[in-house]
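Read through the structure below, which is laid out as structure tokens, and then see the notes.
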Amino acid sequence: MPALPRAILFDLDDTLIRAYAQPEEAWTRLLNVFATHLDAHDPAAIERVRAAVMEEARAFWSDSAAAAKWRLDIPGARRLSVRRGLARLGRADDALADRIADSFTELRRQEYRLYPDAHATVDALRDAGVRLALVTNGAAATQRAKIERFELAHRFHHIQIEGEFGQGKPELAVYRHALERLGVDASDAWMVGDNYEWEVVAPQALGMRGIWYDPFEAGVPTQATAKPSRIIKRLSELVE
Ligand SMILES: [Mg+2]
């Protein structure tokens, strides 16, 4: 076992479970199901719809105040992005947009997967005496359902969900509260996750180490000011 801190805070989505990563392929697959309704009869036509929807989603999520609100209603946010995407193409149809968005939400839900080394890594850390917290943004019911489905609750000493706690990452109060619940100082704790702002920049500002999980080898964002304390491509690297 390598040198470990007294506590580790883990992100949930796209860190312990694969949830929302790489949306391009999922959108293309889903939009093909609706090809007739969209009057999109070849790959180029599908691609135009996918690009319009994803551009609207990007614009939508880049407003951090709006994002903080809509994180608690991701299905609603998807409906809005698809409505705007169809409107951008001159094909506004809110009823169709909502059906497509809801189908995407269900497709993603069905395809959530635990990363294969997640349980073993978390259990090994716990067995080694590390205090563990799961710190996730999102709605209480949505996140609780994932925690249940993937048998995560009993593995952590503390679970903190944005929709229950009332604040989400990157608010520093979120990390401070988790550290307090674990009884550990920031300097004795790591945060592990895939979101650069939430799991590297903010925790480091508090004196924690920010371990960036980069399973698809996207690389450090070019505009990044903070440097990750460490980059891992697999969770099991934490215990090797
Ligand atoms: Mg994440």
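All values derive from a computational prediction rather than experimental measurement. We count ligands from 1, going down the list as the structure has it; atoms in each ligand are counted the same way.
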Next on the checklist: I'd like to know if Arg109 and Glu106 make a salt bridge, using a cut-off of under 4.0 Å between side-chain N and carboxylate O.
Outcome noted: yes
Checklist entry - Is there a donor-acceptor pair under 3.5 Å between the side chain of His119 and the backbone N or O of Phe150? => result yes
Item to check | Atoms of protein origin (N, O or S) under 2.8 Å from the Mg ion (ligand 1) | outcome: Asp11 OD2, Asp13 O, Asp194 OD1
Item to check | Side-chain (Gln204) to main-chain (Lys227) donor-acceptor, under 3.5 angstrom | outcome: yes
Item to check | Pairs satisfying side-chain hydrogen bond (donor to acceptor under 3.5 Å, both in side chains), at least one member in residues 21-32, at least two apart | outcome: Arg18-Gln22, Glu25-Arg29, Arg29-Glu111
Item to check | Same apolar cluster: Met208 and Leu172, side chain cutoff 4.5 Å | outcome: yes
Item to check | Asp117 side chain to Ser236 backbone, donor-acceptor under 3.5 Å | outcome: yes
